[in-house]
Amino acid sequence: ACGGGSSDGSSDAGDTGSAKSDVKVGLAYDVGGRGDQSFNDSAGVGLDKAKSEFGIDVKELEASANETDSAREERLRLLAQGGYNPVIAVGFAYATSLGKVAKEFPDVQFGIIDDSSLEKVSNVTSLVFAEEQGSFLVGAIAAEASKSGNVGFVGGVNTPLIQKFEAGFKQGAESVNKDIKVQVKYLTQPPDFAGFNAPDKGETTAQGMIDAGADVIYAAAGGSGSGVFKAIAAAGKGNWAIGVDSDQYLTADSAVKDYILTSMLKRVDTSVYDFIKSAVDGKVLTGKQEFDLSDEGIAYSTSNDAVKDYEAKADELKKQIISGDIKVSATP
Amino acid sequence: MSTTLETTTPPAAPAPERATRLSQPLRLALYALVALAVLSLIRVLTDANDLTSAGTVSAALTLAVPIGLAGLGGLWSERAGVVNIGLEGMMILGTFGAGWIGWQHGPWAGLLTAVLFGLIGGLVHAVATVTFGVDHVVSGVAINILGLGVTQYLAGELLADSPGGGETQSPPISALPRPSVPGLDGVLEPLEKHHWFLISDIAGILRGLLTNVSILTVLAVLLVIASYVILWQTPFGLRLRSVGEDPHAAESLGVKVRLYKYIAVAVSGGLAGLAGGFLAIVASGIYREGQTGGRGYIGLAAMIFGNWRPGGLMMGAGLFGYTDAMQLRNAVAVHALLLVVFALLLVVTALNLYRRKWVTAAVGLVFAVLSLVWYLNSDELPGPITTMTPYVTTLLVLALSAQRLRMPKADGLVYRPEGK
Amino acid sequence: MKSMNADTVRRVGLSLAAPALAIILSLAITSAVLAAAGNDPFDTFKQMIEYAKEPRTTAMIINGSVTYYFAALAVAFGFRMNLFNIGVDGQYRLAAMLAAAVGGAVSLPPILHVGLILLVAVLVGGLWAAVAGLLKVYRGVSEVISTIMLNSITTALIAFLLTTDKLAVQAEGSNNIGTKPIPASGQVPGIGLVPDSPLKVYGLIVLAVIVGFLYWFVIEHSRFGFDLRAAGRNEEAAVASGVNVKRMILISMAVSGGIAGLVGMPQLLGSSYTYSLDFPAGIGFTGIAIALLGRNTALGVAIGALLFGFLDNSSQILDLEGVPKEIVMITQGVIVLSVVIAYELVRRYRIVAQQREVGRRLSEPPAPAAGNDKTPQGAQA
Amino acid sequence: MPESEGAAQSETGAAATVPAVELSGITKRFPGVVANHDVNLRVRPGTVHAVVGENGAGKSTLMKTLYGMHKPDEGTITLNGEQVVLHSPADAIARGVGMVHQHFMLADNLTVLENVVLGAEPRRWGGFGLNRAAARTKIREIGKQYGLEVDPDEMVERLGVGDRQRVEIIKVLYRGARILVLDEPTAVLVPQEVDALFEALAVLKGQGLSIIFISHKLDEVRSVADDITVMRRGTTVATADPKTVSSRELAELMVGSELPSPQTSDSTVTDRPVLELSGINLIDGARHLLRDVTLTIHAGEVLGLAGVEGNGQAELVESIMGMRSVDSGTIKLTGDDITSWSTRRRREAGCGYIPEDRHRHGLILDAPLWENRILGHQSRKPNVRGPLVDRAGARTDTERIVREYDVRTPSIDVLANSLSGGNQQKLIVGREMSGNPKLLIAAHPTRGVDIGAQTAIWDLLRTARAEGLAVLLISADLDELIGLSDSLTVILRGELVAEVDPSTVTPEQLGSAMTGAGEAA
Ligand SMILES: Nc1ncnc2c1ncn2[C@@H]1O[C@H](COP(=O)(O)OP(=O)(O)OP(=O)(O)O)[C@@H](O)[C@H]1O
Ligand SMILES: Nc1ncnc2c1ncn2[C@@H]1O[C@H](COP(=O)(O)OP(=O)(O)OP(=O)(O)O)[C@@H](O)[C@H]1O
Ligand SMILES: [Mg+2]
Ligand SMILES: [Mg+2]
């Protein structure tokens, strides 16, 4: 449902790079902001790419922990008032505030990531992902790679969004081996969002799962994932970690990267880039833009050669999902 | 009863001033053994082998160290009569210091910076409370706000452009060595694997404590012991404690009260900073905003739990680390903890019956039955409930033991020298 | 007459000196930090003040303060009895969640509906705090530990209850979950307190004023307040005077928690109408700082809450100007410290001044004017 | 009047000896108060030199100056002929000055040993470690030598007052002091302990130590001192020869006027019982704090309770006031069984209470006087109206108390801690009498209070008794106890062991009954 799955590297808009567009883009991050090596950064990457290609003006604002809706509201309002258009809100927490601000600025196009509750509002573009689909594929890969028939899921914070990852992963694993044991653990409970920032907890939990027999662990835990990788690396050959959001094989520490079998790619960068591009092109995307396996907004990475053995099965499943033969539920 | 693990760790026993010598350590050892036997029995019965596995013990150790170090910081400060609610802020400063210098100049330099940053926080607290006579809680709360504000501000300025880092986190810091007692693993691992009664438990615990332990964990344990020796066995320590018990008496004997308070609070800050450094360097390998997650407060709680004594503090931190490790690692084992709670309550009820405290006994019995029923009627605890484990356990142990805690007498009182 | 006037002037001057000194000190330190990072301090402050003067921001500041006010009063109430209620944070979150769930589940006529929600909030907050009170009174567990633990337990409890098969609902297309929205009859309309502001001030500001007045009246003028303060200042003397300290601990813990229960209400009934995952947390800790800043008095706390509200909200503009808004957190910490330091400095100055005065008066008859310069020198050791 | 300027007689006594201590022209000001003004004091070596004066006369302040705790605003300190400037107690200690403070300067949570060696610790491990063994030996030696035996490893909080006083003196001797300052060391001791202390002082004096001794008990002063200096209103007004001066003359020097003569009193005891205790038992764990305590106090009767501190007096008082609940037995007040009543209810029913430790139990030190007036009477007029505090009423009544009970204070808005001890006590007495009590529990009502205030308090008690008040009097001052009481009971280890007739018993007999050493009366 979305225009163009422009993955990194290739870009058809390369020649417009020098031409300065007069579009000004405002982007409001979720808590954690730039440099979280995760979700927010991914949005930042999309923004940076658009900026360098289209020469646009950008303004990035950050959220602070424990803020109220009115603070979020004000942030969006400041951007809209400052003449930024489009304005992108990163994270579902902005939904309520955006609902109010969008009404105040009917001429500004807003984008919101991970929320589609405002899809009926004409000047809001919902940028959402079928995380369960990608998680299904890595779940299948995990089940294939596991020798013990025992895999783990480490969620950062117990929210419905992360539960989508869990749901997909479980179904995927069970589609390959219906007797597989899937251990599930969330590091913290909201509103304690420390679970995305706690590599030590990630490591302890992963270690516990390994001790209880798991040999493949999927880390949907933001910054805590590095702890999971450490635990897997410590367990040695034959154990695998699965990354999330971006291709973590490419960004992780050299000591652990070889243990990252694949990553579930959630192309927040693509969605941000596409949305800005549509605005620059003058045909701004509206309504609900769902990114999924079919448009590569959701995918799994293949940069680690080790995943080669399981690609056939994964691609087969991918086709079935796209065609609708397999329905992946979004709740565990 | 889950405190058993800690009583087997190195010696810094509580050593009360009037120890009924010889019998005290013996009695403690006996208690520990009985407790371990109960735990082992429950493990065998429930098949929850993680209750005493090396992995659990090792994770518990890592989780306990930052809390223990923060608590030790609190202990130094409060022994000199200065309440330090600002541990959290000093710890935050430590994590940042470790991350900022650590990724550029290696873990040892990072650690040193962490201590230094914490120490600076401690000095601010000392200036406010000792020199200016500010209420200790006010100053501590201010330092918590400042610690957070300063690190976030500095991270924005100093880490934003680092490779692989950002405004909220540092690039990875290289790891510190993790030595083992040589040859032990080969002997203990097979023993543990058999899941024999008691023997496997002991093997598991020893393996967790003695193999693959971070050098900084070793340092932390040494620091606890050193603190005991310094505070209780040296003239310096006596003076420092006297300042927290009765500064006017100390002053009247020529003790430089303010100097000792300054030293104590500075050391306190340094230890909290070290706790932060441990979190960043050993536990996580990076600095990340919000990394401390309230551990400064937990450290304070562990110190109070431990009756302002190093041995007790170790038990408190250990209990917390153990239950936290348990809930993070293994839901089955947490479920088995319900049985441990049942056993614990049963013992307490029996004691209360013996002491003819009928009401307390009845309350205990009701809760004992409830936990048993809950255990029998469930296979696993719901996820959110397991995350409560460390907090509930701490409360439960405190409520049951009803120990007479005794804080330093002049703790928290603003000291003004005679004639001011 | 003349000297009387001069005296009065000096006394007034001295009591204003502390806050003035504190503000200058914190501005100086904040400026230094700003300048060190290459930002223009004056420009930064100007930006914040300009922005705060916009009607909408003013309304936001007031709204923020109302929430802070409840939190700080809750903490202050405990402090008055030497109880350190770190648990305000957990108490208000649990109270808000359950009150929101009840509010969303029933349908009642407007006033009753709001009343019910507030009642549930106060009760839940009070009972949850009373757990710490009970543990302290009957088991001797320090309220500092128990409330720290209860905060974390609260988080787990809310996570357990706030799921779609229990108390929560998930809006179509949303990744957030929250309690069922409170219908209009349970909402509290805003008040157009700030002229020209499109944003209304929380209607519950009225409740804040009432609670603040009650706080002052009860503490300063009631027998209960007297007992409370007596127990806070000298527990043993209070016991000897017939105060039942155990009961007072229970009551004041519960009252503190009850006030804490109100912390989430302005936001819940005036703006979000649901308790969802992103309901603000951590206000209890800010409340501690504000209570201390306001010296636990109703008026002082109100001023502190406004100050924090101002810093929090007006700093939003800074990011837009490229100044890290974390700077205000530094300002907040410095203000808390410098206010108390300033009070101490002024106190010491007073003593020295008084000593000089006494010295001067006493040395007048025996030693004539010439000796005056020397006598006070040794006074301060 | 044995007044003599300077110390002429001492020159004759020990010609050419340099004074051990010479304070001259000392002035010390506190905010609002000149505590010492042109004070001159000269102490001969090897003597006991007493300093007497009313509460607030400036004795403690002067001694703290000598001990380096604060610097004088004017004046000089000369020790053994050498003029010194003392910056801290450490300086004073280094020059051989030791001080036992009026209030114990002991850390409760530390052991005797730790308290003693603090600041002068014997070392081991190359100077790093604390050498407890060496300290223990030395403390035992000092104990044997001067008869000051205390277990070095006991926690101070478990010690009685006598032992604490001993520890204070050991502390000073441990540091090798040659000049000893004892600020009211006997206020809390029973006669036997006082005698023991004086014996120790004699030994010390024999070894050439100089002792400055402060006390309000003038008989003691005359018996132990070699010289006496009198202070009044912050300055030294006279010296006296203990061999010739009478207590009465001394007191008049202190007050600066003639004293009223003590009244003898007729019995006013009625047969209306006010307080009846029967079979009171109080048990704490393994310890039996009160055992079968049974007693009756009638209207118009003062019942004296004699006992060494720590034998259950405090527990008994707390049981009667409802601050502790007894394990068995009944308490009746004018016929009503009040055993299960709360403290508040008991107070409302007419129990007044002058606590032993006024700072801990009697006052809120950082509250103004009028708020302290309300304390203990929070439910009664004129302090409250309904559920509200009646500020105006309380203030007016505080003014009355200040007037009637001669509380010396600039205003009723000053904080209680700015009053001197004696004035604090008068405020408490005034407050407790204002509630029209039927029963008054007076624990050490005149402890540390000067003669003027003491007489006033005694008069108050007598007047109230005549009006039908029942009084339970506890005091360490046996003269006071014998003089005021209509009947006397001795408490030992929580048991009432003897009843004695106050009209015939001597303090010595009473003292031995209290220690369980022999038969009384
Ligand atoms: N630190 C101080 N600050 C202010 N005033 C003080 C201080 N110390 C003593 N004073 C005042 O100085 C005066 C003398 O007090 P001091 O304690 O020397 O009397 P004292 O003779 O020892 O009385 P007492 O017999 O009650 O012990 C009193 O009015 C007292 O209130
Ligand atoms: N820091 C201080 N500020 C103000 N007044 C003080 C201070 N320290 C002591 N005082 C006052 O000085 C006086 C003398 O102090 P001291 O400790 O000798 O008590 P005291 O009057 O002898 O009391 P008591 O009779 O109960 O023993 C007391 O009235 C006390 O309130
Ligand atoms: Mg005195
Ligand atoms: Mg006195």
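Excluded from the calculations below are hydrogen atoms, water molecules and symmetry mates; all remaining heavy atoms, backbone and side chain alike, are included. Every chain is numbered from 1, with letters handed out A, B, ... down the list of sequences. Remember, it's a predicted structure, so these values are computed and weren't measured experimentally.
- Counting all heavy atoms, side chain and backbone alike, C:Ser272 lies closest to A:Asp69 at CB-OD2, 4.3 Å.
- In this structure, C:Ser271 and A:Lys100 approach most closely via the heavy-atom pair O-NZ, 3.8 Å.
- In this structure, the portion of C:Gln267 lying under 4.5 Å from any heavy atom of chain A is its side chain and not its backbone.
- Using a 4.5 Å cut-off between heavy atoms, C:Gln170 contacts chain A through its side chain alone, with no backbone atom that close.
- What you find for A:Gln189 and C:Ala156 is that their closest heavy atoms are CG-CA, 4.5 Å.
- Panel note: side chain C:Asp319, backbone A:Leu61; no donor-acceptor pair is recorded below 3.5 Å.
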*asked:* Checking A:Leu78 against C:Leu320 for the side-chain contact (heavy atoms from CB on, under 4.5 Å) test, could you report, in this order, the C-alpha distance in whole Å, the side-chain angles of both residues, the deciding distance, and whether it holds?
replied: CA-CA 8 Å; A:Leu78 281 172; C:Leu320 211 59; 4.2 Å; yes
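- No part of A:Leu118 comes within reach of chain C, as not one of its non-hydrogen atoms sits under 4.5 angstrom from that chain.
- Proximity to chain A (any heavy atom under 4.5 Å) is restricted, for C:Tyr51, to the side chain, taken from C-beta onward.
- Heavy-atom distances place both the backbone and the side chain of A:Glu62 under 4.5 Å from chain C.
- Distance CG/A:Asp115 to OG/C:Ser174: 5.0 Å, rounded to 0.5 Å.
- Under 4.0 Å is where a charged nitrogen must lie from a carboxylate oxygen, and between A:Glu74 and C:Lys325 no such pair does.
- The residues C:Asp278 and A:Arg72 are annotated as salt-bridged, a charged nitrogen and a carboxylate oxygen being separated by less than 4.0 angstrom.
- The greatest number of non-hydrogen atom pairs below 4.5 Å with chain C, out of A:Glu104, A:Gln163, A:Glu60, is found for A:Glu104.
- Rounding to the nearest 0.5 Å places CG of C:Leu277 at 10.0 Å from CG of A:Leu161.
- Of the two parts of A:Asn158, neither the backbone nor the side chain holds a non-hydrogen atom closer than 4.5 Å to a non-hydrogen atom of chain C.
- Interface remark: A:Phe193 contributes side-chain atoms only to the contact with chain C (heavy atom separation under 4.5 Å).
- With values rounded to the nearest 0.5 angstrom, A:Ser117 atom OG is found 9.0 Å from C:Asn175 atom CG.
- A:Ser116 places a side-chain N or O within 3.5 Å of a backbone atom of C:Gly173 that can act as its donor or acceptor partner.
- Summarising the local packing, NZ of A:Lys327 is surrounded by 12 or fewer heavy atoms from other residues, nucleotides or ligands at distances under 6.0 Å.
- With a threshold of 4.5 angstrom between heavy atoms, A:Ala95 does not approach chain C through any atom at all.
- Of the atoms belonging to C:Asn176, heavy atoms from both backbone and side chain fall under 4.5 Å from chain A.
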*Evaluate the criterion salt bridge (Lys or Arg N to Asp or Glu O under 4.0 Å) for residue pair A:Arg77 and C:Glu54; output intermediate values, then yes/no.*
CA-CA 13 Å; A:Arg77 185 175 293 115; C:Glu54 283 175 29; over 6 Å; no
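- Closest heavy-atom contact between C:Gln316 and A:Ala71: NE2-CB, 3.5 Å.
- Of all the heavy atoms in C:Thr155 and A:Pro190, the pair that sits closest is CG2-O, 3.8 Å.
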